[in-house]
Amino acid sequence: MSETPYLDLKPLYQEIKAEIDEAVEQCISAGYYINGPNCTAFETEFSNYCNTDGCVGVGNGLDALHLTLRAWNIGPGDEVIVPSNTYIATWLAVTMTGADVVPVEPDITTFNIDPNRIMAAITPRSKAIIPVHLYGHPADMDPIMEIADSNGLKVLEDAAQAHGAYYETRPVGSLGHAAAWSFYPGKNLGAFGDGGAVTSNDTQLIERVRRLGNYGSSEKYVNQEAGFNSRLDELHAAILRVKLKRLNSWNELRKQIAQRYITEIENKIISLPRAKHWASPVWHVFPVLLDKRDLLKEHLEKEGIGSMIHYPIPPHQQEAYQHLGLSTGAYPISEHIHESELSLPMYPHMDKQNVDAVIEAVNSFSSI
Ligand SMILES: *Cc1c(COP(=O)(O)O)cnc(C)c1O
């Protein structure tokens, strides 16, 4: 029996090994390791890809979120609206500024923040909204921007799972006032370590984030503010430049796998994700929902198939946020997703036999 891992990053490297090895070798030989030519070139290439005027590389996705909020002068006493259903980093970025998170429930059909519930969460202390394009499916951005603009709020897209996704005809990363990106290895565009970026049409914001990530300094040894150290390494930028050229073709392979799952999985007890007509998702994760999630996970394991849960515990039920006093039942839609979600194997280089095996195993699953 062949094994089907949840995720395998090795074949991706094999496809581009020669080019990556050359880029790494050149980078090391050139002797610039921080803030060098590859970082500058990647920033230009990635802002072009996202159709924005500016981009700045930072150390990781959490910093991309955190530094952007800081650059908007968000801090203690302020509120930031976040999805109740997200990876905890979205919340942590807010907490790091000293501001308060105000969670809003998702639309169960997109898993993303429900625009219809945002108005009720706005108070005089609200400063920003962070929609997350969770699992690679864009959040419903037009109504979100309308609410934000009419209430004077900033919108920061958490695009960490959605490199290359589109909302109607526009790429994610260009839809809010700014967007935060992660290049964690397993993301659709991943470095070989930690990395991140912020994109925006507001080039002053980009320069403020750059300064905040560079000790609060835009001129060597002159510090205008108390900043941080969070920069995109030159080596990672060199690698990301090679990978960015392939991103669309890799996303295309993900879409083909998702299409096969959607048309060939037939099991009444499992509900499949469906893209909205205005969305072109990039399937960072392929989420299915079912009551007996843990039994399906075990069943797949017996068949040699890996799977993951995104995520087992929602942020408000984590020990880290116990002090907020948001008990079980506070966000029932989010809790329902966390209790019933299972992610099927998904990576560009999954071969036909692996996809066949997943479909067969899911179709043969019964919970009795
Ligand atoms: C991965 C991720 C982050 C954090 O990115 P890091 O680079 O790991 O810090 C933030 N938000 C979401 C939705 C993510 O998936």
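Quick caveat: nothing in here was measured; it's all calculated off a predicted structure. Indexing begins at 1, ligand by ligand and atom by atom, following the structure's order. Throughout, residue positions are numbered sequentially from 1 according to the sequence presented.
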Enquirer: With a 6.0 Å cut-off on the ring centroids, do Tyr215 and Tyr221 count as close?
Expert: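 Centroid distance Tyr215-Tyr221: not below 6.0 Å, so no.
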Enquirer: Atom 13 (C) of ligand 1: which protein heavy atom is closest, and how many Å away?
Expert: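 Checked against all protein heavy atoms, atom 13 (C) of ligand 1 sits closest to Asp158 OD2, 3.5 Å.
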Enquirer: Does the N or O separation between Phe183 and ligand 1 drop below 3.5 Å for any pair?
Expert: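 No, since none of the N or O atoms of Phe183 sits under 3.5 Å from an N or O of ligand 1.
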Enquirer: Is the count of non-hydrogen atoms from other residues, nucleotides or ligands lying under 6.0 Å from Arg170 atom CZ greater than 12?
Expert: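 More than 12 heavy atoms, drawn from other residues, nucleotides or ligands, come within 6.0 Å of this atom.
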Enquirer: Using a strict cut-off of 4.0 Å, indicate which atoms of ligand 1 neighbour a heavy atom of Val132.
Expert: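 Near Val132, meaning under 4.0 Å from one of its heavy atoms, ligand 1 has 13 (C).
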Enquirer: When the aromatic ring centroids of Tyr167 and His133 are compared, is their separation below 6.0 Å?
Expert: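 Centroid distance Tyr167-His133: not below 6.0 Å, so no.
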Enquirer: Regarding ligand 1, does Asp194 bring an N or O atom to under 3.5 Å of one of the ligand's N or O atoms?
Expert: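 No, there is no polar N/O contact under 3.5 Å.
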Enquirer: Checking a contact table here: which protein heavy atom is nearest atom 14 (C) of ligand 1, and how many Å away?
Expert: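 Checking every protein heavy atom, the shortest distance to atom 14 (C) of ligand 1 gives Lys187 NZ, 3.0 Å.
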Enquirer: Provide the number and element of each atom of ligand 1 under 4.0 Å from a heavy atom of Gly61.
Expert: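 So the atoms of ligand 1 that pass are 5 (O), 6 (P), 7 (O), 9 (O).
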Enquirer: Which ligand 1 atoms, with their elements, are less than 4.0 angstrom from a heavy-atom of Ala89?
Expert: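 Once the distances to Ala89 are compared, the set is 3 (C), 4 (C), 10 (C).
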Enquirer: Backbone or side chain, does any N or O of Thr86 fall under 3.5 Å from an N or O of ligand 1?
Expert: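 N/O-N/O distance below 3.5 Å does not exist for this pair.
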Enquirer: Considering the heavy atoms of Asn60, write down every atom of ligand 1 situated less than 4.0 Å from one of them.
Expert: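 In order of number, 7 (O), 9 (O).
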Enquirer: Does a donor on one side chain and an acceptor on the other come within less than 3.5 Å for Thr328 and Gln317?
Expert: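 Side chains of Thr328 and Gln317: pair found under 3.5 Å.
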Enquirer: State the CG-CD distance between Leu240 and Glu43, to the nearest 0.5 angstrom.
Expert: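 Taking CG in Leu240 and CD in Glu43, the distance rounds to 11.5 Å.
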Enquirer: Kindly say whether the aromatic ring centers of Trp283 and His163 come within a distance under 6.0 Å.
Expert: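 Ring-ring flag for Trp283/His163: false, centres at least 6.0 Å apart.
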Enquirer: Considering only the protein, which heavy-atom contact is closest to atom 8 (O) of ligand 1, and what is its distance?
Expert: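 The closest heavy atom on the protein side is Ser182 OG, 4.0 Å.
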Enquirer: Please say whether Leu134 places an N or O atom under 3.5 Å from an N or O atom belonging to ligand 1.
Expert: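 No, Leu134 has no N/O under 3.5 Å of an N/O on ligand 1.
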Enquirer: Can we call the ring centroids of His299 and Phe365 under 6.0 Å apart?
Expert: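 Aromatic pair counts; centres sit under 6.0 Å.
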Enquirer: Go through ligand 1 atom by atom and flag the ones less than 4.0 Å from a non-hydrogen atom of Leu62.
Expert: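 Near Leu62, meaning under 4.0 Å from one of its heavy atoms, ligand 1 has 4 (C), 5 (O), 6 (P), 9 (O).
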Enquirer: Would you please indicate yes or no on a ring centroid separation below 6.0 angstrom for Phe46 and Phe183?
Expert: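 Ring centroids of Phe183 and Phe46 are less than 6.0 Å from each other.
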Enquirer: Could you say whether the N/O atoms of Gln161 and ligand 1 ever approach to under 3.5 Å?
Expert: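 Min N/O separation from ligand 1 is below 3.5 Å for Gln161.
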Enquirer: Against heavy atoms of Ala160, which atoms of ligand 1 measure under 4.0 Å?
Expert: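 It comes down to these atoms of ligand 1: 2 (C), 3 (C), 10 (C), 11 (N), 12 (C), 14 (C), 15 (O).
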Enquirer: Do Tyr331 and His316 have their ring centres less than 6.0 Å from each other?
Expert: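 Yes, the ring centres sit under 6.0 Å apart.
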